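Everything on this sheet refers to the single structure shown next.
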Amino acid sequence: MPIPSRPSLHKPFAVAAVAAVFVVAPALADEVVRQDVSRGDALEVTDGSGPARVIQSGTAKPYRADYVGVGLVFNTGKETTTRTQLKPANSVATTMLGVRGKETHVRFAGNWEGDASGGHPILVLTEGGRITIEPEAQIDLVMDLNFFTRQLWVHGDGTGTIELAEGFIADRTQNATVANAMGTIRLGGADLITHHSQSLPYNSRPDGRGGVYHNGHIVFEQKPGSTWHIQTNPQVYAAQIDFDVDGTINSQQPITHTGQRRVCLPVGNGGAFVSTGAFRTTSPDVAITKAGQAMLSLEGQQSYLPGSSLHIKQGLLRIHTDPGAGQRVAKEAGPFLHIEVYDGGRLHFAAATSHLKSIRLHHGAHMSVEDDVVVHLTDGLTVDAGATLAGESGVKGTIHRPQ
């Protein structure tokens with residue numbers, strides 16, 4: 001689709017460890033821009049809505065600092081809507097889009113084809129840059145034939161934000177018949193804002209037995225401190241949530257995780273692909289923070305490695321499944337979770353049996369255990385003065401009440 005305006009300035013960035021930076025400046029906005037990201041090609045848009053089409057070749061690994069500023073980069077200092085089509089040149093090409101500057105807000109209403117089997121779709125958000133994926137946008141990360149999804153690697157300095165608009169539809173696979181969806185977001189130093197379940201990253205994939213399942217991930221990795229903000233509507237996520245580093249879920253609206261382990265056939269020479277679907281930590285000593293007044297309900301599979309902790313700063317955490325039963329997800333997982341509940345936080349156990357390491361209720365915190373529910377704590381429960389506990393008989397482990 002032709003774009004009525006064109007960038008007014010195109011200039012390269014200084015890129016470390018790249019031999020040359022090659023800039024292609026289109027004469028008209030409907031021309032095709034070709035870039036090779038492996039040699040540092042850069043096109044910076046400081047005005048207008050960007051070119052109609054950008055075709056990128058070359059390879060790049062995610063989270064490399066020397067690739068910040070490479071590819072198509074918006075630095076407009078204002079809100080801009082773009083309908084750019086971003087495409088890989090071949091099956092191994094990496095596609096790269098950047099947004100930089102605290103006043104730069106890109107509303108992406110175009111088409112990003114990131115399903116090259118050997119490529120890495122990379123979104124770089126720095127210096128407060130923000131991107132909103134609009135309802136008319138299509139982010140296609142799902143590969144033809146096998147319906148596996150590529151990852152959207154969100155690389156940032158901790159100041160940027162990716163927002164999925166309420167009307168954006170992540171899964172366009174039509175019950176695993178069309179290879180078109182955004183299946184995964186990996187947060188490596190950026191915040192995520194979502195407004196509706198239909199916008200959450202996953203795709204439908206054949207299970208090899210005549211059925212389909214939800215395959216996808218939201219991953220916290222590389223740079224600790226990213227936050228997922230759940231806004232506008234209650235949301236349900238039926239795929240996997242991984243914390244490889246510390247991260248926060250800010251539930252301004254209720255969020256329910258329902259992901260389950262799925263074993264799907266076939267892969268390769270008669271092998272099986274396992275999608276854990278779990279709410280889990282993937283490294284030891286990771287801290288998850290629950291902020292926001294609305295509920296976080298864990299109704300899917302959970303899995304925690306040693307040193308994992310969950311900190312309830314606000315609102316309710318409701319546990320419907322056993323936090324200690326993660327061995328099917330990772331053999332190193334077990335009853336390692338420690339929970340801290342702070343003033344204004346609430347913890348509710350609804351699973352028939354839960355196994356954890358320990359719980360501490362700070363002043364003003366509340367914990368409740370349903371009838372016929374048992375909570376096993378290897379290191380016990382600490383109830384500070386001013387905290388409340390309902391269903392004490394369901395707690396199996398030492399209860400400490402400091403004076």
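Note that the structure is a prediction, hence the values are computed from the model and not measured.
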Quiz item: Side-chain contact, heavy-atom cut-off 4.5 Å: E392 with I399?
Solution: yes
Quiz item: When you measure from the side chain of R205 to the backbone N and O of N146, does any donor-acceptor pair fall under 3.5 Å?
Solution: yes
Quiz item: Under the 3.5 angstrom rule, does the side chain of T161 hit a backbone N or O of D191 as a donor-acceptor pair?
Solution: no
Quiz item: Do side-chain atoms of S91 reach the backbone of S117 as a donor and acceptor pair under 3.5 angstrom?
Solution: no
Quiz item: Is any side-chain heavy atom of T382 less than 4.5 Å from a side-chain heavy atom of S358?
Solution: no
Quiz item: Does atom NZ of K357 have more than 12 heavy-atom neighbours from other groups under 6.0 Å away?
Solution: no
Practice problem: Check K290 against S251 and note the closest heavy-atom contact, atom names and distance. | Solution: NZ-OG, 2.6 Å
Quiz item: Under a 4.5 Å cut-off applied to non-hydrogen side-chain atoms, are M96 and Q35 in contact?
Solution: no
Quiz prompt | Short side-chain to backbone donor-acceptor contact, R150 and G119, under 3.5 Å | solution = yes
Quiz item: How far apart are the closest heavy atoms of H214 and S204, and which atoms are they?
Solution: CD2-OG, 4.1 Å
Quiz item: Is H366 reaching over with its side chain to a backbone N or O of D343, donor-acceptor style, under 3.5 angstrom?
Solution: no
Practice problem: Would you check, one step at a time, whether the test side-chain hydrogen bond (donor to acceptor under 3.5 Å, both in side chains) holds for S283 with D244? | Solution: CA-CA 5 Å; S283 289; D244 197 55; 2.6 Å; yes
Quiz prompt | Stepwise side-chain hydrogen bond (donor to acceptor under 3.5 Å, both in side chains) test for S309 and H311 | solution = CA-CA 7 Å; S309 59; H311 301 259; 3.0 Å; yes
Exercise. Would you tell me whether D157 and T159 have side-chain atoms, one donor and one acceptor, within less than 3.5 Å of each other?
Key: yes
Quiz item: Any salt bridge between R209 and D207, counting N to O under 4.0 Å?
Solution: no
Exercise. Determine whether V263 and R261 make a side-chain contact, defined as any pair of heavy atoms from C-beta on separated by less than 4.5 Å.
Key: yes
Quiz item: Parallel under 30°, tilted from 30 to 60°, perpendicular over 60°: which one fits the rings of H355 and H376?
Solution: parallel
Exercise. Please test E163 against H229 for side-chain hydrogen bond (donor to acceptor under 3.5 Å, both in side chains), starting from the C-alpha separation and ending with a verdict.
Key: CA-CA 9 Å; E163 178 180 13; H229 303 271; over 6 Å; no
Quiz item: Q235 side chain to T194 main-chain N or O, any donor-acceptor pair under 3.5 Å?
Solution: yes
Quiz item: Are any side-chain N or O atoms of H196 and backbone N or O atoms of Q198, one a donor and one an acceptor, separated by less than 3.5 Å?
Solution: yes
Quiz item: Is a donor on one side and an acceptor on the other found under 3.5 Å between the side chain of S199 and the backbone of A165?
Solution: yes
Quiz prompt | Sub-4.5 Å side-chain heavy-atom contact between E221 and D242 | solution = no
Quiz item: What are the two closest non-hydrogen atoms of G183 and N203, and how far apart are they?
Solution: CA-OD1, 4.0 Å
Practice problem: Taking the side chain as every heavy atom from C-beta outward, state whether V369 and V395 have any pair of such atoms under 4.5 Å apart. | Solution: yes
Quiz item: Centroid-to-centroid, F336 to Y304, below 6.0 Å?
Solution: no
Quiz item: Can you tell me if T76 uses its side chain to pair, donor with acceptor, with the backbone of K78 under 3.5 Å?
Solution: yes
Exercise. Would you indicate whether the side-chain heavy atoms of F220 and V286 approach each other to under 4.5 Å?
Key: no
Quiz item: How are the rings of H362 and Y342 set relative to one another: parallel (under 30°), tilted (30 to 60°) or perpendicular (over 60°)?
Solution: parallel
Exercise. Taking the side chain as every heavy atom from C-beta outward, state whether L316 and H348 have any pair of such atoms under 4.5 Å apart.
Key: yes
Quiz item: Distance-only, no hydrogens or angles: does the T94 side chain make a donor-acceptor pair with backbone N or O of A60 under 3.5 Å?
Solution: yes
Quiz item: Between H217 and T184, does any side-chain donor sit less than 3.5 Å from a side-chain acceptor?
Solution: yes
Quiz item: Can you name the closest pair of heavy atoms from I359 and H338 and give their distance?
Solution: N-ND1, 4.1 Å
